[in-house]
Amino acid sequence: ESILRVEDGRAYAIAPGTATVTAKTFNNKTSTLKLTVVPAPESVTFSSDAAVLGVGQNHALSAAVNSESASAISYSGSDDAIATVSENGEVVALQKGTITVAATAYNGVSASLNFRVLPGPTYLRFASETVEIGLKDKISLSPEFTPDTRAILTWKTQNKRVATVD
């Protein structure tokens, strides 16, 4: 039984298994490639369940097919006015709202994930302007920001010899 068929530089999978394909030039230069045909995907799964972005934020999606199968995955979104989704899974949040993102394998098997896009905060503040901590101690930094907004914070310290932030 044939594993794959090759026509005009394209390989078409026929059955699970392994086959070697050889390319040859007119002057007998050759190169070989070992191709393994695995079963078609039965499921697609996103690497995370919940998705919330702030307007202007980007997020790289990650999804995979079930083990023992293989497929490239393409991504699409339900409303480009709220967020754009590139075919390779880059989400760019544009305005407040909710969209559904689909991850689809070559055979049509797919998964979907709802994305909420929230506006950025109008304020950000710590509960106190100063805090003391003991040498070698650590604390969690949790500033407040506008309710029903989204912010991914970046951190820095002006004196890394005294304190670091991660």
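Values below: every heavy atom of this structure, side chains too, minus hydrogens, waters and symmetry copies. Please read all numbers here as calculations on a predicted model, not as lab measurements. Numbering starts at 1 and runs along the sequence shown.
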Participant: Could you tell me whether a side-chain N or O of Ser62 sits under 3.5 Å from a main-chain N or O of Ser47, the two making a donor and an acceptor?
Facilitator: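 Checking the backbone N and O of Ser47 against the side chain of Ser62, no donor-acceptor pair under 3.5 Å is found.
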Participant: More than 12 non-hydrogen atoms from neighbouring residues, nucleotides or ligands closer than 6.0 Å to CD on Glu90, yes or no?
Facilitator: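 Enclosed: over 12 neighbouring heavy atoms sit under 6.0 Å from CD of Glu90.
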Participant: Can you give me the closest heavy-atom contact between Val117 and Ala83, atom names plus distance?
Facilitator: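 Looking at all heavy atoms of both residues, the shortest contact is CG2-CB, 4.3 Å.
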Participant: Which pairs would a plain distance check flag for residues 91-109, meaning a side-chain donor or acceptor within less than 3.5 Å of a matching protein atom at least two apart in sequence or in another chain?
Facilitator:
{"from": "Thr100", "atom 1": "OG1", "to": "Asn114", "atom 2": "OD1", "distance (Å)": "2.9"}
{"from": "Asn107", "atom 1": "OD1", "to": "Val109", "atom 2": "N", "distance (Å)": "3.4"}
{"from": "Asn107", "atom 1": "ND2", "to": "Pro41", "atom 2": "O", "distance (Å)": "2.9"}

Participant: Check side chain to side chain donor-acceptor pair (under 3.5 Å) between Ser110 and all other residues, then give those that pass, not counting sequence neighbours.
Facilitator: none
Participant: More than 12 heavy atoms of other residues, nucleotides or ligands under 6.0 Å from CG of Asp148: yes or no?
Facilitator: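 No, CG of Asp148 has 12 or fewer neighbouring heavy atoms, counting only those of other groups under 6.0 Å.
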Participant: For the residue pair Thr146 and Thr122, confirm or rule out a side-chain donor-acceptor distance under 3.5 Å.
Facilitator: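 Note: Thr146 and Thr122 side chains meet the donor-acceptor criterion.
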Participant: Linking I/L/V/M/F/W/Y whenever any side-chain heavy atoms sit under 4.5 Å apart, do Leu153 and Val165 land together?
Facilitator: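 Linked within one cluster.
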Participant: Taking salt bridge (charged side-chain N to carboxylate O under 4.0 Å, His left out) as the test, write out the residues that go with Glu7, two or more places apart.
Facilitator: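 Counting only residues at least two positions away or on another chain, Glu7 forms a salt bridge (charged side-chain N to carboxylate O under 4.0 Å, His left out) with Arg5.
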Participant: Starting from Tyr12, walk the hydrophobic network (Ile, Leu, Val, Met, Phe, Trp, Tyr; side-chain heavy atoms closer than 4.5 Å) and list everyone else you reach, by chain and number.
Facilitator: none
Participant: Begin from the C-alpha positions of Leu4 and Val6 and carry the test side chain to side chain contact (heavy atoms under 4.5 Å, CB included) through to its verdict.
Facilitator: CA-CA 7 Å; Leu4 57 92; Val6 177; 3.5 Å; yes
Participant: Are Phe46 and Val65 in one and the same hydrophobic cluster, where Ile, Leu, Val, Met, Phe, Trp and Tyr link if side-chain heavy atoms are under 4.5 Å apart?
Facilitator: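 Per the 4.5 Å side-chain linkage, Phe46 and Val65 are co-clustered.
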Participant: Could you give all pairs that pass the ring pair (Phe, Tyr, Trp, His ring centres under 6.0 Å) test and reach residues 54-80, with sequence neighbours left out?
Facilitator: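 Non-adjacent pairs meeting ring pair (Phe, Tyr, Trp, His ring centres under 6.0 Å): His59-Phe115.
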Participant: List for me each residue that meets side-chain contact (heavy atoms from CB on, under 4.5 Å) alongside Asn27, sequence neighbours excluded, and say none if there are none.
Facilitator: Thr25, Lys29
Participant: Leu113 and Ala51: which non-hydrogen atoms are nearest, and at how many Å?
Facilitator: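 Scanning both residues, the minimum pair turns out to be CD2-CB, 4.1 Å.
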Participant: Name all residues meeting the side chain to side chain donor-acceptor pair (under 3.5 Å) criterion together with Thr154; count only those two or more places apart in sequence or in a different chain, and write none if there are none.
Facilitator: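 Listed in chain order: nothing, the list is empty.
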Participant: Just grab all the ring pair (Phe, Tyr, Trp, His ring centres under 6.0 Å) pairs involving residues 130-165, residues at least two apart or on different chains.
Facilitator: none
Participant: To the closest 0.5 Å, what do you measure between CZ (Arg150) and CG (Leu53)?
Facilitator: 7.0 Å
Participant: Using side-chain contact (heavy atoms from CB on, under 4.5 Å) as the criterion, list what pairs up with Val131, not counting sequence neighbours.
Facilitator: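 Residues passing side-chain contact (heavy atoms from CB on, under 4.5 Å) with Val131: Ile133, Ile139.
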Participant: What pair of heavy atoms forms the shortest contact from Asn58 to Gly56, and how long is it?
Facilitator: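 Answer, listing the atom of Asn58 first, then Gly56: OD1-O, 3.8 Å.
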Participant: Say whether Leu118 and Tyr123 are linked into one hydrophobic cluster, either directly or through other cluster members, by side-chain heavy-atom distances under 4.5 angstrom.
Facilitator: no
Participant: What residues form a side chain to side chain donor-acceptor pair (under 3.5 Å) with Lys24, not counting sequence neighbours?
Facilitator: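 With sequence neighbours excluded, Lys24 shows a side chain to side chain donor-acceptor pair (under 3.5 Å) to Asn28, given in chain and number order.
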Participant: Please report the C-alpha distance between Leu61 and Ile73 in whole Å, then the side-chain angles of each, then the deciding distance to 0.1 Å, and finally whether the side chain to side chain contact (heavy atoms under 4.5 Å, CB included) criterion is met.
Facilitator: CA-CA 11 Å; Leu61 291 168; Ile73 295 178; over 6 Å; no
Participant: Once salt bridge (charged side-chain N to carboxylate O under 4.0 Å, His left out) is applied, do any residues pair with Arg125, and if so which ones, sequence neighbours excluded?
Facilitator: Glu144
Participant: Are the side chain of Ser128 and the backbone N or O of Thr130 linked by a donor-acceptor pair below 3.5 Å?
Facilitator: yes
Participant: Glu68 vs Val38, test: side chain to side chain contact (heavy atoms under 4.5 Å, CB included). Steps then yes/no.
Facilitator: CA-CA 7 Å; Glu68 307 300 321; Val38 296; over 6 Å; no
Participant: State which residues pass side chain to side chain donor-acceptor pair (under 3.5 Å) with Arg116; sequence neighbours excluded, sorted by chain then number.
Facilitator: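 Partners of Arg116 under the side chain to side chain donor-acceptor pair (under 3.5 Å) test: none.
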